[in-house]
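Computation of the quantities below employed the complete heavy-atom set of this structure, encompassing side-chain atoms and omitting hydrogens, waters and symmetry-equivalent molecules. Residue numbering restarts at 1 for every chain, and letters A, B, ... go by the order of the sequence lines.
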Number of protein chains: 2
Amino acid sequence: MTRILVADDEPQLLRALRITLRARGYEVETAPTGAAVLEVAARRHPELILLDLGLPDLDGIEVIEGLRPWYDGSIVVLSARHDPDDKVLALDAGADDYVTKPFGMEELLARLRAAVRRAAPAPDSVVVTTDAFTVDLAAKRVTAGDHDVRLTPTEWGLLEVLIRNPGRLIGHKQLLSEVWGPAYQQEFGYLRVYVAQLRRKLEPDPSRPRYLITEAGMGYRFEP
Amino acid sequence: MTRILVADDEPQLLRALRITLRARGYEVETAPTGAAVLEVAARRHPELILLDLGLPDLDGIEVIEGLRPWYDGSIVVLSARHDPDDKVLALDAGADDYVTKPFGMEELLARLRAAVRRAAPAPDSVVVTTDAFTVDLAAKRVTAGDHDVRLTPTEWGLLEVLIRNPGRLIGHKQLLSEVWGPAYQQEFGYLRVYVAQLRRKLEPDPSRPRYLITEAGMGYRFEP
DNA sequence: GGTGGGTGTCAAGGAACCGTCAAGAAACCC
DNA sequence: GGGTTTCTTGACGGTTCCTTGACACCCACC
């Protein structure tokens, strides 16, 4: 889960942001002062810091300068000041974006998504591992035991959908729709064939599946 | 030198931006249409694209969506539209920042600096070596065994994309898009011809490739 | 114990894809 | 302008992959 540190000294705004961000699935930390920002950021390593420039104890620029030497997440500044010079100073100090109050919540959320996306870890570390096999979603590479496993495009498409939803049951129709297209929602036979092929290539004991689970009458599930 | 692609269809603004950016030490490319943006971006790999959403031929969102699958630099949107919905759409399509016209030049420059700073690529090792051949990405030189290998520009472009993503599967369309340009995403025949040529020049046994691997129906992979 | 729906397994035909070759067109370089 | 390199295009055979159908199995229910 993405962790965001919200630094603001207005209780109402802080509360609104916390509720909204939590509802969007972020993990939220808060800090009411500049000193607290530095302390919480060091302790919790948030992926993004939403920083009000008008904190009571420290100048906002000083907070950014205190963070940047070691902090490599995104910093999005929130400020009531519209002066272009303030924006230039904050951005050049190391902020990634600058939003002026009052702001539209949807725009702020979109800017947060963009900032988080940018700071996302190296594009090739989307790896899912089990005791039996490893799947690298970015490189489209699968290894079982010590050697590579060769998957066909359809096998890969099916595996990818299941793995991107770990532990969750995916219905027959949804699976067919996502891998073969919406027109194939009745071709249940395909699923049987390809799930069997995946199991033969990935499961230690294909006849007793441990990771690619059948839910009779409903669909399949990837069990991490 | 940092290369910026400026996409706008107002000659005056384009001229002002070009002069200002050149004065600040940037290398500036320009593109008056969406199609030109895709073409120039593929050919020149700018570190940042400053994109007007109101280009005459393509919708701005479409341009962003056409870039993002393969382009990993920063995209800063410039737009006359203040509607929050437009901002959300552009940011979620993959833009990194959104500046509305009219804008202050100092603020824009600060935002560009922030965007470039973020996208600063990790200086990757410039030489890649395998048991069979060595590729120097900076010097554009390839040696196999003990003597140099001559590559045509297209062969080199293809090899470079594969080598910069070691172990990673690159899809047909992405390869075509990066080497020939986005308009060639259907020319699968080119890939067959040029991969075969690379293998003939680099692989110890071209009919049984060891480094330039085919993934049927998906793409190719450089295996270090 | 029989029945039927849902599932796993296997194999074969056909479609899609790939490697190879070669020749003409285009671009490039004296 | 001539010669060379490079790119594009098409055809062919071999390979991989998708689709399809037949059949066995398991389990719940009758």
query: Which pair of non-hydrogen atoms, one from A/Asn165 and one from A/Val161, has the smallest distance, and what is that distance?
result: ND2-O, 2.8 Å
Just how far, in rounded Å, is [atom2] of [N] from [atom1] of [X]?
X	N	atom1	atom2	answer
B/Leu151	D/dC7	CG	C1'	15 Å
A/Arg150	C/dC17	CZ	P	17 Å
B/Gln197	D/dT9	CD	P	15 Å
B/Glu155	D/dT5	CD	P	13 Å
B/Leu158	D/dT6	CG	P	15 Å
B/Glu203	C/dG19	CD	P	11 Å
A/Leu198	D/dC17	CG	C1'	14 Å

field: Distance in Å, B/Leu162 CG paired with B/Arg221 CZ, rounded so as to fall on 0.5 Å steps
entry: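 Nearest 0.5 Å value for the CG-CZ distance: 11.0 Å.
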query: So among A/Thr134, A/Leu202, A/Val128, which one has a side chain to side chain contact (heavy atoms under 4.5 Å, CB included) with A/Val142?
result: A/Leu202
Polar atom pairs between nucleotides 3-9 of chain C and protein, under 3.5 Å, N or O only, would you list them?
from  : atom 1 : to       : atom 2 : distance (Å)
C/dG6 : O3'    : A/Gly217 : N      : 3.4
C/dT7 : OP1    : A/Gly217 : N      : 2.6
C/dG8 : OP1    : A/Arg199 : NH2    : 2.3
C/dG8 : OP1    : A/Thr214 : OG1    : 2.7
C/dG8 : OP2    : A/Tyr220 : OH     : 2.9
C/dG8 : N7     : A/Arg192 : NE     : 3.1

- request: Take the angle between the ring planes of B/Trp180 and B/Tyr190 and call it parallel below 30°, perpendicular above 60°, tilted in between.
  value: tilted
- prompt: Under 4.0 Å between a side-chain N/O of B/Tyr194 and OP1 or OP2 of D/dC7, yes or no?
  reply: yes
field: Phosphate OP1/OP2 of D/dC7 contacted by B/Thr152 side-chain N/O (<4.0 Å)
entry: yes
task: Between B/Glu187 and A/Glu187, name the one whose nearest nucleotide on DNA chain D is closer to the 5' end.
output: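 Going by which nucleotide is closer to the 5' end, it is B/Glu187.
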- request: Check whether more than 12 heavy atoms from other residues, nucleotides or ligands sit under 6.0 Å from atom CZ of B/Arg22, and answer yes or no.
  value: yes
field: Crowding at OH, B/Tyr184 (>12 non-hydrogen neighbours, <6.0 Å)
entry: no
message: I'd like to know if A/Glu106 and A/Arg111 make a salt bridge, using a cut-off of under 4.0 Å between side-chain N and carboxylate O.
response: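 A/Arg111 and A/Glu106: not salt-bridged.
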task: Just call it for A/Trp180: base, sugar-phosphate, or nothing, with non-hydrogen atoms closer than 4.0 Å on any strand.
output: sugar-phosphate
